[in-house]
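For reference, the structure discussed in these notes is given below.
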Amino acid sequence: MGRTVIPIGPYHPLQEEPEFFTLTVEGETVVDIDVRIGYNHRGIEKLSESKIFENCTFVVERICGICSTSHPYAFTRAVEDVFPMEVPIRAKYIRTIIAETERIHSHLLWLGLAGHFLGYNTVYMWAWKLREEILDVMEILSGNRNNYAMFKPGGVRRDIRAEDIPVCLRKIESILPTLDMLKKAVLDDPVLHARLKGVGVMTYQQAIDFSALGPTSRASGVARDVRKDSPYGAYQEMPWDMIVTKNGDVFDKAVIRILETFESAKIVRFCLEKLPDGPIDANIKDVPVGEGIGHIEAPRGETFHYVRSDGTNRPVRHKVRAPTFMNFPTYKATVKGQTISDATIILAAIDPCYCCTERIAVKDASGKALYSGQDLIRLSREKTERLRKGMGGR
Amino acid sequence: MTREDVLADIRGRFGADIVELFDKSPKRVYVEIRPQAIVRIGTHLFRTLGARFNIASGTDMKDWIEILYHFTIEDLNLLISLRVRLDPGHPEIDSLARDIEALNWIERELTELLGITFTGHPDPRRLLLADNWPEGVYPLRRDYVEWDGTADRTRGV
């Protein structure tokens with residue numbers, strides 16, 4: 001059978017970042033995949049060298065539009081590691097609250113989009129409706145639905161007012177029953193089982209070799225989480241479970257994200273209820289000469305920042321590594337041998353961004369367009385529909 | 001293995017290749033090594049000691065070009081950074097990506113942004129920079145100057 005090369009991308013600003021995939025297919029089976037990134041390279045590492053330390057926090061907050069607090073968190077911890085120093089306990093709690101509330105909203109966003117691409121628009125509607133409550137909590141706590149600007153080297157910029165805590169607790173509690181229903185609906189759905197189990201499998205050894213991170217590696221049985229391995233913030237103060245599964249397929253990656261939202265809700269509730277009194281800022285003045293590394297567990301995996309200071313008020317080098325940089329190349333392991341209709345959800349399963357999916361164009365060797373991005377989403381949905389009918393229909 | 005065992009193991013095996021071992025804090029150790037030893041020490045950390053590769057970061061220090069390879073041993077909550085110093089005229093080092101898949105992208109990134117040659121890299125194609133970016137121009141070098149005379153850098157504000 002002849003081989004067909006499918007270019008996917010590069011431009012689609014819908015989600016986080018554009019990228020360019022080249023899928024080589026035989027019939028419906030993907031036999032090879034190649035990725036090219038950098039279409040939206042903003043030179044933030046270079047830009048950061050021209051900013052004072054406090055302003056870098058705002059620059060890195062704009063790296064990601066979804067988990068926008070993960071980069072300031074890693075950056076401030078990198079600056080604090082230059083000393084090294086610890087921030088006040090109340091600041092640690094507030095940081096944890098912001099980071100975990102963000103994890104809930106990020107996982108819900110992923111769940112909704114995954115449902116959308118599989119033809120489960122009800123899941124999409126439910127998940128995003130719940131997400132609104134979480135964004136309201138963010139607005140109450142920080143004043144912003146996104147880009148919270150809560151972090152600064154040495155502490156946090158805003159305190160949490162005591163009168164806001166009951167409202168936030170109530171809002172978080174309010175989503176849990178619906179989320180539980182959604183969890184059961186997704187986990188017990190035979191069509192979703194047939195659609196997602198065994199699809200895009202990454203083995204334990206592959207996860208190790210690629211140094212994959214976060215839910216992407218935990219789905220393959222790699223029990224690693226920066227929050228447990230190198231505790232920071234308030235994570236060692238309360239009991240919570242790291243979710244690990246074994247199969248490494250798209251279904252397990254979805255299960256991990258759904259179950260993690262419950263753990264995050266548990267952590268946020270504990271922190272809001274037990275928020276200790278005290279200062280929220282260590283008021284650091286001069287950053288000494290030296291190097292610092294900060295890493296935290298973002299919704300997609302470990303975010304890593306390296307900062308080098310020469311004693312001035314600006315970093316001489318600031319390296320940023322987002323989790324997707326490590327998770328991205330795992331496509332090589334997961335997409336080969338799968339069908340085109342599954343490629344969409346496998347590419348989405350590491351939670352990168354969906355910029356690729358609506359820009360997919362399948363072309364034959366003469367350059368004639370065979371499928372557009374819309375067609376590929378249609379293919380994905382048709383497969384779900386076929387499975388559903390084959391199981392007696394609903 | 002404890003933290004001390006790991007450091008003693010590295011010292012014992014690679015003593016001749018270690019330039020300096022800086023024990024910064026309970027969680028952070030910086031080991032400066034000779035560039036020729038990077039594959040031996042890197043694979044030992046990754047395969048034998050079971051460390052996870054975080055990332056590598058390159059810096060132009062004017063008199064030398066430096067790469068830090070960050071590895072984490074999670075069971076010990078220990079982050080080991082291997083430091084190599086390269087000649088700024090011809091920065092060149094053996095590729096670790098041949099042995100560890102996780103380094104594939106970052107070595108390509110360092111090649112493009114800092115002009116470091118990774119000998120034996122399995123896939124040395126361009127990853128980040130645009131196709132019309134000229135060869136031999138490296139944006140993270142200290143001596144970088146704007147090469148695109150037609151670029152509009154006004155921000156419209």
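Below, chains carry the letters A, B, ... as their sequence lines are ordered, and counting in each starts from 1.
With respect to the salt-bridge test (charged N to carboxylate O, under 4.0 angstrom), the residues B/Arg13 and B/Asp9 qualify. Taking a cutoff of 4.0 Å between a charged side-chain nitrogen and a carboxylate oxygen, B/Arg83 and B/Glu66 qualify as a salt bridge. A salt bridge does not link A/Glu263 to A/Arg227: none of the charged nitrogens lies less than 4.0 Å from a carboxylate oxygen. Looking at A/Asp310 and A/Arg317, no side-chain N of the basic residue comes within less than 4.0 Å of a carboxylate O on the acidic one, giving no salt bridge.
The closest side-chain heavy-atom distance from B/Leu82 to B/Phe71 is below 4.5 Å. Considering only heavy atoms from C-beta on, B/Val6 comes within 4.5 Å of B/Ile80 through its side chain. Taking the side chain as every heavy atom from C-beta outward, A/Arg95 and A/Tyr232 never approach each other to under 4.5 Å. A/His305 places none of its side-chain heavy atoms less than 4.5 Å from the side chain of A/Arg77. Side-chain contact between A/Phe325 and A/Val320 is absent, with no heavy-atom pair separated by less than 4.5 Å. The side-chain heavy atoms of A/Met202 and A/Thr216, taken from C-beta on, include a pair separated by under 4.5 Å. Residues A/Glu291 and B/Leu68 are in side-chain contact: their nearest non-hydrogen atoms beyond the backbone lie under 4.5 Å apart. Counting only heavy atoms from C-beta outward, the side chains of A/Leu213 and A/Asn327 approach each other to under 4.5 Å.
The side-chain contact (heavy atoms from CB on, under 4.5 Å) test with A/Pro215 singles out one residue from A/Asp225, A/Ile256, A/Ile243, and that residue is A/Ile256.
In this structure, chain A has a heavy atom under 4.5 Å from the side chain of B/Arg125, while its backbone stays farther away. Contact annotation for B/Leu79: only side-chain heavy atoms (C-beta onward) come within less than 4.5 Å of a heavy atom of chain A. Of the atoms belonging to B/Asn104, it is side-chain heavy atoms, and not backbone ones, that fall under 4.5 Å from chain A. Using a 4.5 Å cut-off between heavy atoms, A/Asp34 contacts chain B through its side chain alone, with no backbone atom that close. In this structure, chain A has no heavy atom under 4.5 Å from any part of B/Ala51. Contact annotation for B/Glu109: only side-chain heavy atoms (C-beta onward) come within less than 4.5 Å of a heavy atom of chain A. Both the backbone and the side chain of A/Phe210 have a heavy atom closer than 4.5 Å to some heavy atom of chain B. Using a 4.5 Å cut-off between heavy atoms, A/Val316 touches chain B through backbone and side chain atoms alike. Looking at B/Leu129, only its backbone comes within 4.5 Å of chain A, counting heavy atoms on both sides.
For the options A/Lys46, A/Glu49, A/Lys228, A/Glu45, heavy-atom pairs under 4.5 Å to chain B are most numerous at A/Lys46. Of the listed residues (B/Ala102, B/Ser81, B/Pro139), the one with the most heavy-atom contacts under 4.5 Å to chain A is B/Ala102. When each of A/Gln206, A/Lys332, A/Glu302 is checked for heavy-atom pairs under 4.5 Å with chain B, A/Glu302 comes out on top. Contact count versus chain B (heavy atoms, under 4.5 Å) is highest, among A/His295, A/Lys319, A/Arg321, for A/Arg321.
When the heavy atoms of residues 89-99 of chain B are compared with those of chain A, none of the residues falls under 4.5 Å. For residues 33-50 of chain B, a heavy-atom distance under 4.5 Å to chain A picks out B/Phe46, B/Arg47, given by residue number.
Under the rule for a salt bridge (Lys or Arg N to Asp or Glu O under 4.0 Å), B/Arg11 has no partner lying at least two apart in sequence or in another chain. The salt bridge (Lys or Arg N to Asp or Glu O under 4.0 Å) search around B/Arg141 returns none, not counting sequence neighbours.
Judged by distance alone, the side chains of A/Arg308 and A/Tyr306 do bring a donor and an acceptor atom under 3.5 Å apart.
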